[in-house]
Enquirer: 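Let me give you the structure first, and then I'll get to my questions.
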Amino acid sequence: MPESVSLANRAIRWDTVVGALLIVLLLLSFSVVDGFGNALNLSFLIGNTLPIALVALPMTLLVVSGEIDLSVASTAGLSGAVMGALWNQGMTIEAIIPVCLLLGLVCGLINGLLVTRLGLPSLAVTIGTMAAYRGIAQIVLGSDAVTDFPTQYLDFAAGRIGDTFVPQALLPFVVFLAIAVVALHATPFGRSLFAIGANEEAARFAGIRVKRQKLILFTLTGLMASLTGIFWALHYASARYDNATGLELSVVAAVLLGGIDFDGGKGTLGGAIAGVFLLGALQNVMSLQDVSAQSQIVVTGVLLVLSVLGPRVARQIAVARAGRRAASAPPPGKTPAPAS
Amino acid sequence: MTHPSDTGQAPVLALRDVSKSFGAVRALRGVSLELSAGEVHALAGENGAGKSTLIKALAGVHRPDTGQVLLDGEPVVFHGPGDARDAGIAVIYQEPTLFPDLSIAENIFMGRQPRRALGRIDHKATHEATAALMRRLGVDLDPDRPARGLSIADQQIVEIAKALSFDARVLIMDEPTAALTGSEVARLFKVVRTLRDQGAAVLFISHRLEEIFEICRQVTTLRDGAWIASEPLDGMTEDDLVRRMVGRDLAELYPKQHVEPGEVALSVRRLTREGVFTDVSFEVRRGEIVGLAGLVGAGRTEVARAVFGIDRWDAGEVEVAGRRLTNGAPSTAMAAGLALVPEDRRAQGLVMDMSIERNIGLTGLRTTVKAGLMDRGAERSRSLDWAVRLQVKYARIADTVGTLSGGNQQKVVLAKWLATGPRVLIVDEPTRGIDVGTKAEVHRLLSELAADGVAVLMISSDLPEILGMADRVLVMHEGRLTAEIPRSDATEETVMAAATGRAAA
Ligand SMILES: Nc1ncnc2c1ncn2[C@@H]1O[C@H](COP(=O)(O)OP(=O)(O)OP(=O)(O)O)[C@@H](O)[C@H]1O
Ligand SMILES: [Mg+2]
């Protein structure tokens with residue numbers, strides 16, 4: 001029984017919890033963790049988190065609609081690899097970038113077609129393409145690392161705004177974020193995604209073009225993943241076939257942590273982005289404390305589990321509290337004698 | 001409040017002065033009820049009156065805020081549905097609760113399958129026991145079939161078989177007949193009478209008053225969560241009962257206006273979906289209400305689904321107001337002015353976790369838009385307008401539809417589609433689970449829509465409804481259209497004859 005669901009939603013909103021956690025973590029880190037607050041570290045933090053944040057935007061929309069894409073990191077890696085290979089061939093970067101974006105779009109389109117035309121579960125499809133896209137990346141670039149991209153591009157991807165700690169690349173991200181927030185929370189498209197995620201059949205009966213919306217989402221996700229791959233190669237001044245390996249885990253963990261329900265139909269982009277920066281800040285603090293990369297992955301995994309559990313537990317607590325409140329409320333007055 | 005029972009001996013199961021609130025909604029206020037052995041007791045009331053809540057209090061799903069549950073005259077506290085079941089109380093809920101991936105037999109014997117050595121489940125014994133139950137119910141359902149894909153009527157049968165398998169002393173049925181056709185209801189009532197004669201106490205809920213009069217001896221009426229009366233049905237008329245339920249006299253149940261039919265609005269030609277329906281052709285004109293009758297499984301719903309574009313058709317064509325529809329595309333059907341109110345509100349009609357406002361809003365994603373963005377104000381007023389016009393009973397328009405009573409959920413589905421201002425409206429079992437007052441209201445609405453030039457195709461298993469509302473009756477039998485009967489010739493006999501394939505050619 002969906003007992004008092006609306007009550008629960010009002011009592012505790014998970015995305016607010018995550019936002020609060022982020023603020024607490026930041027405040028604690030500023031005061032306790034050595035080296036956290038200096039401009040260089042903060043710009044590292046943001047710069048390292050941006051790839052997660054960029055991919056989290058379309059991933060949030062996907063998960064809301066009840067799907068997932070685990071191939072994003074491979075698509076990013078493939079874009080970087082192709083970028084490196086074409087650069088070695090002597091193509092200009094201005095010509096390479098559109099080619100890479102188109103490639104990412106095709107990668108996403110393939111995922112989308114496999115899911116919508118063949119009716120396969122996206123988890124299975126994208127685990128498959130995750131391996132396939134990464135394999136192609138290795139074929140394209142081998143074990144080379146391409147580093148000699150034009151300096152103005154490298155500078156943009158790694159540079160900061162004036163004397164501040166704010167990376168220049170944050171600006172385009174903010175634009176993308178604004179677009180995504182509007183798309184998910186203020187357009188008919190976004191509405192339809194929530195409906196699809198919550199009850200796909202009812203969405204179809206309401207005339208929503210479920211397959212088309214999903215195809216659009218997968219394609220956009222591929223596009224964004226390749227943009228992230230390009231950013232990654234420039235930001236770290238290194239295009240390798242294994243760029244961004246494991247990024248999908250961080251993205252999914254962050255999105256779920258932000259309160260996007262894995263079963264679809266629930267969540268807010270604000271929550272997801274709070275989840276992203278919570279994870280990013282956590283990884284940054286762990287690095288400062290010399291926690292090994294392996295241990296960081298363990299922490300990410302644990303967070304992933306907690307983030308699936310967290311919202312449910314919060315909801316149950318709220319339901320229990322509502323129940324106790326109702327039970328302890330004064331008994332309603334006696335009804336007047338029946339008028340029969 | 002006490003209610004003397006005529007037998008003098010303690011009732012098997014009783015509620016005394018029970019109240020239950022959900023937040024600000026007072027679903028039950030001081031309700032009492034007594035169920036006696038060997039008697040079928042009706043629970044009557046409008047949508048949202050608190051009937052299902054009362055049942056859940058009896059069955060240990062809800063703990064009453066105040067008041068007592070009495071078993072054999074002794075106060076008991078059920079800590080969960082399991083406790084109630086162990087006490088011999090079987091409940092068939094309004095919404096079927098089957099596990100889609102399990103077989104019928106597994107659903108019935110969930111968690112208590114017969115065992116063989118080493119605790120292995122004895123599938124053969126489970127199968128046999130289920131088959132025996134099905135024979136007892138007089139139905140032909142394969143015990144090994146998965147529950148997924150069963151019609152609502154069949155799901156209900158499985159629920160009943162499950163309740164029977166407990167050898168319950170008390171059988172509680174929340175609108176068990178809502179999705180059943182005449183013959184299925186008759187079959188169910190036979191079973192209920194047998195159980196009653198064996199000494200079971202039965203509590204029966206239905207919005208079809210004639211059923212209450214047919215099978216029940218006592219009736220308890222609720223209005224807005226309050227107890228109104230507990231009395232014998234003997235000597236009461238349907239009008240008396242309605243007055244108890246709604247507190248006033250009821251308007252005409254079938255307020256059919258005569259409208260001169262206009263041009264053809266929906267034209268279906270030689271539509272075929274292999275193995276489902278064959279060569280179906282018909283037209284519905286503006287201003288007409290056309291009834292589509294037939295037994296459950298005759299293919300009526302399937303035709304409606306194909307016309308609307310949920311399923312693809314293999315041959316034939318569909319036109320709405322002269323526009324050819326694309327095969328398998330609900331969005332183009334909607335754009336052409338077609339609306340389909342589906343039969344299964346939980347799976348197809350509503351997103352249970354979404355608010356009333358958003359559910360109604362789902363059909364307005366193309367219209368309540370300003371500069372590409374959702375126009376929230378327009379969406380809200382559109383939803384409010386229709387929720388109010390259909391008299392949906394809710395606390396706030398932002399409440400999730402999952403918390404509404406069954407009948408009110410059905411009204412939200414209607415609201416959602418009427419809000420599109422359709423040219424052609426297909427309604428599949430539009431008044432299933434709706435109380436008489438609202439039913440009259442829905443009929444009046446359909447009649448008014450027709451008078452405004454909407455073409456209405458009404459699928460219904462409620463024969464009086466078909467006869468009362470339709471200008472013409474189309475009858476389907478085993479996937480084919482077998483008869484078209486004008487209003488003047490439509491009687492229960494002519495329609496049933498065609499529906500069962502007995503029609504004189
Ligand atoms: N879990 C719940 N949370 C909040 N409100 C609820 C809940 N369950 C029931 N209600 C409210 O209690 C009231 C009574 O509902 P109930 O389902 O008992 O009506 P009903 O008489 O069975 O109606 P129907 O004939 O439509 O099935 C309704 O106003 C409903 O919205
Ligand atoms: Mg009910």
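Proteins get letters first, then strands, A, B, ... in listed order; numbering begins at 1 in each. Computed from a predicted structure; not experimentally measured.
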Enquirer: Closest heavy-atom contact between B/Pro330 and A/Gly207?
Expert: CB-CA, 4.0 Å
Enquirer: Whether the side chain of A/Arg191 engages the backbone of B/Leu365 through a donor-acceptor N/O pair (distance < 3.5 Å, no angle test) should be reported.
Expert: no
Enquirer: Measure the shortest side-chain to side-chain distance between B/Asp353 and A/Lys266 over non-hydrogen atoms and say whether it is less than 4.5 angstrom.
Expert: yes
Enquirer: Supply the atom-to-atom distance A/Arg204 CZ to B/Gln348 CD, rounded to the nearest 0.5 angstrom.
Expert: 9.5 Å
Enquirer: Verify, without hydrogens or angle tests, whether A/Asn199 (side chain) and B/Ala347 (backbone) share a donor-acceptor contact under 3.5 angstrom.
Expert: yes
Enquirer: Would you mind checking which part of A/Phe189 comes under 4.5 Å of any heavy atom in chain B, side chain (CB onward), backbone (N, CA, C, O), both or neither?
Expert: neither
Enquirer: Apply side chain to side chain contact (heavy atoms under 4.5 Å, CB included) to residues A/Phe205 and B/Arg305 and explain how you reach the verdict.
Expert: CA-CA 9 Å; A/Phe205 270 87; B/Arg305 287 172 61 113; 3.8 Å; yes
Enquirer: Measure distances from A/Arg209 to the heavy atoms of chain B and classify the residue's part below 4.5 Å as side chain, backbone, both or neither.
Expert: side chain
Enquirer: By a 4.5 Å heavy-atom criterion (distance strictly below it), what part of B/Leu350 contacts chain A: side chain, backbone, both, or neither?
Expert: backbone
Enquirer: Side chain to side chain contact (heavy atoms under 4.5 Å, CB included) with A/Pro188: which of B/Thr367, B/Val369, B/Thr368?
Expert: B/Val369
Enquirer: Which atoms of B/Arg63 are under 4.5 Å from chain A, going by heavy atoms: the side chain, the backbone, both sets, or neither?
Expert: neither
Enquirer: For B/Met334 versus A/Ala206, what's the shortest heavy-atom pair and its separation?
Expert: SD-O, 3.3 Å
Enquirer: Using heavy-atom distances under 4.5 Å, tell me whether B/Arg243 contacts chain A through its side chain, its backbone, both, or neither.
Expert: neither
